[in-house]
Protein chains: 2
Amino acid sequence: MRKAQPVSPPTQEALGILAAMIRAARMQRGMTAAELGTRVGVSRGVIQRLEAGEPGTAIGTAFEAAVILGIPLFDVPTDQLGTLLDQKRALNALLPKRAFQASQSKPDNDF
Amino acid sequence: MRKAQPVSPPTQEALGILAAMIRAARMQRGMTAAELGTRVGVSRGVIQRLEAGEPGTAIGTAFEAAVILGIPLFDVPTDQLGTLLDQKRALNALLPKRAFQASQSKPDNDF
DNA sequence: AAGATATGACCCATTCATAGATCACATTCG
DNA sequence: CGAATGTGATCTATGAATGGGTCATATCTT
């Protein structure tokens with residue numbers, strides 16, 4: 001049972017941004033949708049839907065396309081993703097491993 | 001004919017980063033995986049896979065979770081995504097609408 | 001200008017991600 | 001310590017996303 005996902009407006013905007021970035025990067029490299037699809041490992045149709053901002057495409061496909069096109073994810077150069085990942089993992093190591101509903105005593109402080 | 005896609009290492013790292021960010025944000029808010037799933041509109045299992053960095057999850061689901069948790073996408077506050085989207089669209093409006101292979105493979109004439 | 005081709009929009013058969021349940025385990029709280 | 005519950009893993013049925021094709025249109029090149 002997969003669910004047709006209705007996404008919120010901010011999410012739709014974010015999808016549109018990524019879609020536009022991918023399309024711009026692809027055009028700037030003079031790459032056809034079919035060629036990008038081949039490099040990413042999906043068909044041309046998936047690239048089209050990705051550049052249309054459809055929410056159902058696999059996130060792995062989207063990120064792979066971004067990496068191939070040289071689009072920096074998380075505002076970090078592709079070759080530094082590993083370092084950022086280590087940082088994020090270190091943060092999670094400090095956080096509790098389970099969230100208890102009863103323990104809501106802590107007001108959510110961002111960051 | 002779907003293809004179980006093997007993603008490249010940088011893509012896998014990016015997936016891990018997003019997964020870690022989502023998990024950290026969820027924990028910091030004392031939210032259970034089931035609750036986040038309900039808010040996003042998916043089941044608890046999908047949240048698990050998302051936080052495990054699996055590439056097959058729908059990108060709409062991932063972005064929706066990020067938005068709900070207040071994670072800034074593209075280093076922009078959620079309420080400013082619309083502005084960034086307009087910028088990206090403006091850029092695409094200036095770029096060619098189609099990519100031709102011929103235009104690429106002909107930088108040299110003769111000699 | 002004409003020719004060439006990339007794109008967008010469909011369609012359909014196939015396949016995999018998802019929902020939902022259950023189980024074992026570990027962690028948190030009383 | 002013991003009880004409670006969140007998490008992770010696994011299983012099955014189902015429906016949605018994908019692959020691959022076709023078609024019409026737009027737009028780029030020569």
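These numbers come from the heavy atoms of this one structure, side chains and all, not from hydrogens, waters or symmetry mates. Each chain gets a letter, A, B and so on, in the order the sequences are listed, and its residues count up from 1.
A straight line from CE of M27(B) to C1' of dG8(D) spans 12 Å, rounded to a whole angstrom. Atom CD of E54(A) and atom C1' of dG8(C) are 11 Å apart (whole Å). Rounded to an integer number of Å, the gap from E51(A) CD to dA9(C) P is 12 Å. Atom pair R49(B):CZ and dC11(D):P shows a separation of 14 Å (rounding to whole Å applied). Distance I59(B) CD1 to dT18(D) C1': 16 Å, rounded to the nearest Å. Following rounding to the nearest Å, L95(B) (CG) and dC28(D) (P) show an atom-to-atom distance of 11 Å. With rounding to whole Å, R29(A) atom CZ is found 19 Å from dA6(C) atom P. What separates CD1 of I47(B) from P of dA19(C) is a distance of 9 Å, to the nearest Å.
Checked against side-chain hydrogen bond (donor to acceptor under 3.5 Å, both in side chains), E13(A) has no partners two or more places apart in sequence or in another chain. Considering only residues two or more places apart in sequence or on other chains, T11(A) meets the side-chain hydrogen bond (donor to acceptor under 3.5 Å, both in side chains) condition with S8(A), E64(B). Scored by the side-chain hydrogen bond (donor to acceptor under 3.5 Å, both in side chains) test, R49(B) finds no partners at all (sequence neighbours excluded). A62(A) meets the side chain to side chain contact (heavy atoms under 4.5 Å, CB included) test with L18(A), L50(A), I59(B); sequence neighbours excluded. For the side-chain hydrogen bond (donor to acceptor under 3.5 Å, both in side chains) test, residues two or more places apart in sequence or in another chain that qualify with E51(B) are R23(B), R26(B).
In this structure, of dA9(C), dA9(D), dT18(C), it is dA9(D) that holds the atom nearest to the side chain of Q48(B). Closest to the V42(B) side chain, of the nucleotides dG8(D), dT7(C), dA19(C), is dA19(C). Among the nucleotides dA19(C), dG19(D), dT7(C), the one closest to any side-chain atom of A33(A) is dT7(C).
The closest side-chain heavy-atom distance from F63(B) to V7(A) is not below 4.5 Å.
G56(A) comes within 4.0 angstrom of the backbone, heavy atoms only, and of no base. Residue contacts shown for A58(B) are limited to sugar-phosphate atoms, with no base heavy atom under 4.0 Å away.
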Side-chain polar contacts of residues 66-88 of chain B - donor-acceptor pairs under 3.5 angstrom, sequence neighbours left out - could you list them?
none

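Closest heavy-atom contact between P55(A) and A58(B): O-CB, 3.7 Å. Between G53(B) and A19(B), the shortest heavy-atom contact is N-CB, 3.8 Å.
The list of side-chain hydrogen bond (donor to acceptor under 3.5 Å, both in side chains) pairs with a residue in residues 36-47 of chain B, not counting sequence neighbours, reads R44(B)-Q48(B).
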Mind listing the N/O atom pairs, protein and nucleotides 13-16 of chain D, below 3.5 Å?
| unit_1 | atom_1 | unit_2 | atom_2 | d |
| --- | --- | --- | --- | --- |
| dT14(D) | O2 | M1(A) | N | 2.9 |
| dA16(D) | N3 | R2(A) | NH1 | 3.4 |

Pairs under 3.5 angstrom, nitrogen or oxygen only, protein versus nucleotides 22-24 of chain D, please.
| unit_1 | atom_1 | unit_2 | atom_2 | d |
| --- | --- | --- | --- | --- |
| dT22(D) | O4 | R44(A) | NH2 | 3.4 |

Output a table of nitrogen or oxygen pairs between the protein and nucleotides 1-5 of chain D separated by less than 3.5 Å.
| unit_1 | atom_1 | unit_2 | atom_2 | d |
| --- | --- | --- | --- | --- |
| dT5(D) | O2 | R98(A) | NH2 | 2.3 |

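Sorted by residue number, the list of members of residues 9-22 of chain A with any non-hydrogen atom under 4.0 Å from DNA chain D is empty.
In the hydrophobic clustering, L91(B) connects to M27(A), L95(B), either directly or through intervening members, whenever side-chain heavy atoms lie under 4.5 Å apart.
Closest-nucleotide positions on DNA chain C for P96(A) and V46(B) were compared, and the one nearer the 5' end corresponds to V46(B).
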